[in-house]
Protein chains: 2
Amino acid sequence: MYQVEHTFAALGDATRLAIIQQLAERETSLSELANPFSMSQTAVTKHVGILAQAGLVEINKRGRTRYCRLKTKPMQQAEQWLETYQKFWKENLNNLANYLDQEE
Amino acid sequence: MYQVEHTFAALGDATRLAIIQQLAERETSLSELANPFSMSQTAVTKHVGILAQAGLVEINKRGRTRYCRLKTKPMQQAEQWLETYQKFWKENLNNLANYLDQEE
DNA sequence: TTTATAGTCAACCATATAGTTGATTATCAA
DNA sequence: TTGATAATCAACTATATGGTTGACTATAAA
(Lines give C-alpha, C1' and ligand atoms only; values in the text may rest on other atoms or scores of the structure.)
Protein backbone atom coordinates (compact mmCIF):
# COMPACT_ATOMS: atom_id res chain seq x y z
CA MET A 1 0.00 0.00 0.00
CA TYR A 2 0.99 3.58 -0.58
CA GLN A 3 2.51 5.58 2.26
CA VAL A 4 3.25 9.21 1.67
CA GLU A 5 6.30 9.28 3.95
CA HIS A 6 8.14 6.98 1.51
CA THR A 7 7.57 9.52 -1.24
CA PHE A 8 8.79 12.38 0.94
CA ALA A 9 11.85 10.38 2.00
CA ALA A 10 12.69 9.65 -1.64
CA LEU A 11 12.38 13.36 -2.44
CA GLY A 12 14.56 14.34 0.52
CA ASP A 13 17.87 14.39 -1.34
CA ALA A 14 19.31 16.98 -3.74
CA THR A 15 20.74 14.38 -6.14
CA ARG A 16 17.39 12.65 -6.44
CA LEU A 17 15.55 15.93 -7.02
CA ALA A 18 17.99 16.68 -9.83
CA ILE A 19 17.36 13.24 -11.31
CA ILE A 20 13.63 13.90 -11.18
CA GLN A 21 14.11 17.22 -12.93
CA GLN A 22 15.99 15.50 -15.73
CA LEU A 23 13.35 12.79 -16.03
CA ALA A 24 10.66 15.46 -16.22
CA GLU A 25 12.29 16.50 -19.51
CA ARG A 26 12.40 13.04 -21.03
CA GLU A 27 13.06 9.35 -20.49
CA THR A 28 16.79 9.00 -19.79
CA SER A 29 19.27 6.12 -19.57
CA LEU A 30 21.21 5.41 -16.39
CA SER A 31 24.57 6.40 -17.88
CA GLU A 32 23.12 9.62 -19.26
CA LEU A 33 21.61 10.35 -15.87
CA ALA A 34 24.96 9.76 -14.16
CA ASN A 35 26.89 11.97 -16.58
CA PRO A 36 26.29 15.42 -15.06
CA PHE A 37 27.09 14.26 -11.51
CA SER A 38 30.55 14.14 -9.99
CA MET A 39 29.89 10.73 -8.53
CA SER A 40 30.12 7.16 -9.79
CA GLN A 41 27.44 5.62 -11.96
CA THR A 42 26.94 3.02 -9.23
CA ALA A 43 25.99 5.79 -6.80
CA VAL A 44 23.52 7.32 -9.24
CA THR A 45 22.06 3.89 -9.98
CA LYS A 46 21.49 3.48 -6.24
CA HIS A 47 19.63 6.78 -6.10
CA VAL A 48 17.48 5.73 -9.04
CA GLY A 49 16.84 2.46 -7.20
CA ILE A 50 15.53 4.37 -4.20
CA LEU A 51 13.26 6.42 -6.48
CA ALA A 52 12.08 3.22 -8.17
CA GLN A 53 11.34 1.53 -4.85
CA ALA A 54 9.25 4.53 -3.85
CA GLY A 55 7.37 4.14 -7.13
CA LEU A 56 8.59 7.44 -8.55
CA VAL A 57 10.56 5.91 -11.41
CA GLU A 58 10.06 2.99 -13.73
CA ILE A 59 13.05 1.28 -15.34
CA ASN A 60 12.81 -0.41 -18.75
CA LYS A 61 15.55 -2.37 -20.39
CA ARG A 62 16.04 -2.07 -24.13
CA GLY A 63 19.18 -3.80 -25.35
CA ARG A 64 21.99 -3.09 -22.93
CA THR A 65 20.43 0.21 -21.90
CA ARG A 66 18.17 0.89 -18.91
CA TYR A 67 15.77 3.74 -19.56
CA CYS A 68 14.24 5.54 -16.61
CA ARG A 69 10.84 7.14 -16.73
CA LEU A 70 9.07 9.27 -14.19
CA LYS A 71 5.88 8.02 -12.52
CA THR A 72 3.87 11.00 -11.37
CA LYS A 73 1.16 9.42 -9.26
CA PRO A 74 3.05 9.24 -5.93
CA MET A 75 4.04 12.88 -6.25
CA GLN A 76 0.46 13.80 -6.98
CA GLN A 77 -0.53 12.06 -3.77
CA ALA A 78 2.23 13.81 -1.84
CA GLU A 79 1.06 17.13 -3.21
CA GLN A 80 -2.45 16.25 -2.12
CA TRP A 81 -1.27 15.51 1.38
CA LEU A 82 0.31 18.96 1.59
CA GLU A 83 -2.73 20.57 -0.03
CA THR A 84 -5.11 19.00 2.45
CA TYR A 85 -3.14 20.20 5.42
CA GLN A 86 -2.68 23.62 3.88
CA LYS A 87 -6.45 24.00 3.61
CA PHE A 88 -6.92 22.70 7.11
CA TRP A 89 -4.45 25.19 8.58
CA LYS A 90 -6.03 28.07 6.78
CA GLU A 91 -9.51 27.14 7.98
CA ASN A 92 -8.55 26.31 11.55
CA LEU A 93 -9.69 29.23 13.66
CA ASN A 94 -7.43 28.26 16.54
CA ASN A 95 -4.44 28.61 14.31
CA LEU A 96 -5.54 31.57 12.25
CA ALA A 97 -3.71 34.04 14.45
CA ASN A 98 -0.58 31.91 14.32
CA TYR A 99 -0.86 31.62 10.59
CA LEU A 100 -1.13 35.37 10.14
CA ASP A 101 1.79 35.78 12.53
CA GLN A 102 3.99 33.89 10.16
CA GLU A 103 3.08 36.12 7.22
CA GLU A 104 5.05 39.05 8.65
CA MET B 1 18.81 29.82 2.37
CA TYR B 2 15.84 27.53 1.86
CA GLN B 3 16.31 24.18 0.17
CA VAL B 4 13.26 22.11 -0.54
CA GLU B 5 15.03 18.76 -0.07
CA HIS B 6 15.44 19.54 3.64
CA THR B 7 11.67 19.94 3.93
CA PHE B 8 11.05 16.67 2.08
CA ALA B 9 13.61 14.87 4.24
CA ALA B 10 11.93 16.17 7.40
CA LEU B 11 8.56 14.94 6.09
CA GLY B 12 9.97 11.52 5.19
CA ASP B 13 9.14 9.78 8.45
CA ALA B 14 5.80 8.49 9.76
CA THR B 15 6.41 9.69 13.33
CA ARG B 16 7.16 13.22 12.15
CA LEU B 17 4.07 13.28 9.91
CA ALA B 18 1.99 12.27 12.94
CA ILE B 19 3.59 15.07 14.98
CA ILE B 20 2.71 17.53 12.23
CA GLN B 21 -0.86 16.29 12.20
CA GLN B 22 -1.11 16.90 15.94
CA LEU B 23 0.45 20.36 15.64
CA ALA B 24 -2.03 21.20 12.89
CA GLU B 25 -4.72 20.88 15.56
CA ARG B 26 -3.05 23.14 18.10
CA GLU B 27 0.17 24.16 19.77
CA THR B 28 1.33 21.19 21.86
CA SER B 29 3.96 20.61 24.54
CA LEU B 30 6.78 18.09 24.04
CA SER B 31 5.49 15.70 26.71
CA GLU B 32 1.98 15.84 25.30
CA LEU B 33 3.39 15.18 21.86
CA ALA B 34 5.34 12.18 23.13
CA ASN B 35 2.35 10.67 24.95
CA PRO B 36 0.61 8.80 22.09
CA PHE B 37 3.84 7.22 20.83
CA SER B 38 5.33 4.00 22.11
CA MET B 39 8.79 5.50 22.23
CA SER B 40 10.73 7.58 24.73
CA GLN B 41 10.22 11.32 25.08
CA THR B 42 13.87 11.77 24.13
CA ALA B 43 13.18 10.11 20.78
CA VAL B 44 10.15 12.32 20.13
CA THR B 45 12.14 15.41 21.14
CA LYS B 46 14.75 14.42 18.56
CA HIS B 47 12.08 14.19 15.86
CA VAL B 48 10.77 17.61 16.85
CA GLY B 49 14.35 18.88 16.68
CA ILE B 50 14.63 17.65 13.10
CA LEU B 51 11.36 19.37 12.23
CA ALA B 52 12.58 22.55 13.94
CA GLN B 53 15.89 22.50 12.09
CA ALA B 54 14.00 22.21 8.82
CA GLY B 55 11.98 25.24 9.88
CA LEU B 56 8.70 23.33 10.15
CA VAL B 57 8.29 23.80 13.88
CA GLU B 58 8.98 26.60 16.32
CA ILE B 59 9.61 25.84 19.99
CA ASN B 60 8.69 28.31 22.73
CA LYS B 61 9.49 27.87 26.38
CA ARG B 62 6.93 28.98 28.95
CA GLY B 63 7.82 27.95 32.47
CA ARG B 64 9.20 24.42 32.41
CA THR B 65 7.14 23.58 29.34
CA ARG B 66 8.25 23.69 25.69
CA TYR B 67 5.37 24.42 23.34
CA CYS B 68 5.72 23.45 19.69
CA ARG B 69 3.97 25.32 16.94
CA LEU B 70 3.77 24.52 13.25
CA LYS B 71 5.39 26.81 10.69
CA THR B 72 3.60 26.41 7.39
CA LYS B 73 5.84 28.33 5.00
CA PRO B 74 8.34 25.53 4.17
CA MET B 75 5.50 23.15 3.43
CA GLN B 76 3.89 25.75 1.20
CA GLN B 77 7.15 25.95 -0.72
CA ALA B 78 7.40 22.17 -0.93
CA GLU B 79 3.86 22.05 -2.25
CA GLN B 80 4.79 24.68 -4.82
CA TRP B 81 7.74 22.61 -5.96
CA LEU B 82 5.45 19.65 -6.58
CA GLU B 83 2.81 21.85 -8.18
CA THR B 84 5.30 23.37 -10.61
CA TYR B 85 6.52 19.98 -11.76
CA GLN B 86 3.02 18.65 -11.94
CA LYS B 87 2.07 21.43 -14.34
CA PHE B 88 5.23 20.90 -16.33
CA TRP B 89 4.58 17.18 -16.76
CA LYS B 90 1.04 17.75 -17.83
CA GLU B 91 2.04 20.29 -20.45
CA ASN B 92 5.07 18.41 -21.73
CA LEU B 93 4.07 16.90 -25.07
CA ASN B 94 6.92 14.40 -25.01
CA ASN B 95 5.59 12.97 -21.80
CA LEU B 96 1.90 13.26 -22.47
CA ALA B 97 1.62 9.73 -23.78
CA ASN B 98 3.56 8.43 -20.78
CA TYR B 99 1.38 10.42 -18.46
CA LEU B 100 -1.78 9.02 -19.95
CA ASP B 101 -0.23 5.55 -19.75
CA GLN B 102 -0.04 5.88 -16.02
CA GLU B 103 -3.71 6.75 -15.73
CA GLU B 104 -4.78 3.21 -16.59
C1' DT C 1 10.68 21.52 51.96
C1' DT C 2 9.47 17.68 49.48
C1' DT C 3 7.85 15.58 45.53
C1' DA C 4 6.28 15.27 40.92
C1' DT C 5 6.52 17.00 36.24
C1' DA C 6 8.98 18.85 31.97
C1' DG C 7 12.72 18.52 29.75
C1' DT C 8 17.96 18.01 28.70
C1' DC C 9 22.23 15.66 28.21
C1' DA C 10 25.69 12.15 27.30
C1' DA C 11 26.65 7.69 26.02
C1' DC C 12 25.58 4.00 23.63
C1' DC C 13 23.59 0.55 19.91
C1' DA C 14 21.82 -1.15 15.50
C1' DT C 15 20.80 -0.22 11.06
C1' DA C 16 20.43 2.67 6.94
C1' DT C 17 22.48 5.90 3.72
C1' DA C 18 25.71 7.72 0.56
C1' DG C 19 29.50 6.96 -1.35
C1' DT C 20 33.81 4.32 -3.19
C1' DT C 21 36.51 0.65 -6.04
C1' DG C 22 37.53 -3.41 -8.86
C1' DA C 23 35.86 -7.25 -11.28
C1' DT C 24 32.29 -9.10 -14.09
C1' DT C 25 28.42 -9.66 -17.51
C1' DA C 26 25.75 -8.16 -21.55
C1' DT C 27 25.27 -5.89 -25.75
C1' DC C 28 26.53 -3.35 -29.72
C1' DA C 29 29.48 -2.03 -33.43
C1' DA C 30 33.86 -2.05 -36.19
C1' DT D 1 36.63 -11.37 -33.20
C1' DT D 2 37.93 -7.44 -30.81
C1' DG D 3 36.97 -3.64 -28.33
C1' DA D 4 34.02 -0.13 -26.42
C1' DT D 5 29.81 0.97 -23.92
C1' DA D 6 25.94 0.02 -20.42
C1' DA D 7 25.23 -1.69 -16.44
C1' DT D 8 25.60 -5.01 -12.32
C1' DC D 9 27.69 -7.01 -8.36
C1' DA D 10 30.24 -7.60 -4.10
C1' DA D 11 32.87 -5.65 -0.70
C1' DC D 12 34.11 -2.03 1.81
C1' DT D 13 34.10 2.77 4.43
C1' DA D 14 32.22 6.71 6.77
C1' DT D 15 28.58 9.03 8.59
C1' DA D 16 23.64 9.77 9.70
C1' DT D 17 19.37 8.09 11.68
C1' DG D 18 16.27 6.27 14.96
C1' DG D 19 16.16 4.48 18.95
C1' DT D 20 17.52 3.27 24.01
C1' DT D 21 18.91 4.25 29.08
C1' DG D 22 20.36 6.63 33.30
C1' DA D 23 21.62 10.73 35.47
C1' DC D 24 20.78 15.38 35.66
C1' DT D 25 18.51 20.37 35.84
C1' DA D 26 14.49 23.39 36.13
C1' DT D 27 10.02 24.48 37.52
C1' DA D 28 5.68 23.93 39.75
C1' DA D 29 2.70 22.49 43.29
C1' DA D 30 1.55 20.12 47.87
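The sequence lines fix the lettering, A, B, ..., with proteins before strands; numbering per chain opens at 1. Quantities reported herein were computed from a predicted structural model and do not represent experimental measurements.
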Next item on the list: Decide yes or no on side-chain contact (heavy atoms from CB on, under 4.5 Å) for A:Thr45 and A:Arg66, but give the supporting numbers first.
Entry: CA-CA 10 Å; A:Thr45 298; A:Arg66 259 78 173 178; over 6 Å; no
Next item on the list: Let me see the working for B:Leu56 and B:Leu11 under side-chain contact (heavy atoms from CB on, under 4.5 Å), right down to the final yes or no.
Entry: CA-CA 9 Å; B:Leu56 296 171; B:Leu11 295 174; 4.2 Å; yes
Check: Can you list every pair that meets salt bridge (charged side-chain N to carboxylate O under 4.0 Å, His left out) and has a residue in residues 28-44 of chain A, with sequence neighbours left out?
Finding: A:Arg26-A:Glu32
Next item on the list: Can you tell me which residue pairs pass the salt bridge (charged side-chain N to carboxylate O under 4.0 Å, His left out) test with a partner in residues 37-56 of chain A, sequence neighbours excluded?
Entry: none
Next item on the list: Determine, stepwise, if the pair A:Gln77 / A:Val4 fulfils side-chain contact (heavy atoms from CB on, under 4.5 Å).
Entry: CA-CA 7 Å; A:Gln77 293 178 273; A:Val4 73; 5.6 Å; no
Given atom [atom1] of [X] and atom [atom2] of [N], what is their separation to the nearest angstrom?
{"X": "B:Phe37", "N": "D:dG18", "atom1": "CZ", "atom2": "C1'", "answer": "13 Å"}
{"X": "A:Glu5", "N": "C:dA16", "atom1": "CD", "atom2": "C1'", "answer": "16 Å"}
{"X": "B:Met39", "N": "D:dT21", "atom1": "CE", "atom2": "C1'", "answer": "16 Å"}
{"X": "A:Leu30", "N": "C:dT25", "atom1": "CG", "atom2": "P", "answer": "20 Å"}
{"X": "B:Leu11", "N": "D:dT17", "atom1": "CG", "atom2": "C1'", "answer": "16 Å"}
{"X": "B:Glu27", "N": "C:dA6", "atom1": "CD", "atom2": "C1'", "answer": "15 Å"}
{"X": "B:Arg66", "N": "C:dT8", "atom1": "CZ", "atom2": "C1'", "answer": "8 Å"}

Margin query: To check you understand the geometry: which heavy-atom pair defines the closest contact between A:Ala78 and A:Thr7, and what is its length?
Written below: CB-CG2, 3.9 Å
Item checked: With B:Thr28 via side-chain hydrogen bond (donor to acceptor under 3.5 Å, both in side chains) - residues at least two apart -> B:Gln22
Next item on the list: Could you please name the option among C:dG19, D:dT8, C:dG7 that lies closest to any side-chain atom of B:Thr65?
Entry: C:dG7
Notebook entry, point to check: Any idea which of D:dT8, D:dT20, C:dG19 is nearest the A:Thr15 side chain?
Noted result: C:dG19
When you compare the protein's N or O atoms with those of nucleotides 2-5 of chain D, which come within less than 3.5 Å of each other, and at what distance?
residue, atom, partner, partner atom, Å
D:dT5, O2, A:Arg64, NH1, 2.5

Next item on the list: Could you name each residue pair satisfying ring-ring contact (aromatic ring centres under 6.0 Å, His included) that touches residues 40-83 of chain A, not counting sequence neighbours?
Entry: A:Phe8-A:Trp81, A:Trp81-A:Tyr85
Item checked: Close residues, residues 41-63 of chain A, relative to DNA chain C [heavy-atom separation under 4.0 Å] -> A:Thr42, A:Ala43, A:Lys46, A:His47, A:Ile50, A:Lys61, A:Gly63
Note to self: Regarding A:Ser40, tell me which of base, sugar-phosphate or nothing describes its non-hydrogen contacts under 4.0 Å with the strands shown.
What the structure shows: base
Check: Does CD in B:Gln53 sit with more than 12 non-hydrogen atoms of other residues, nucleotides or ligands closer than 6.0 Å?
Finding: no
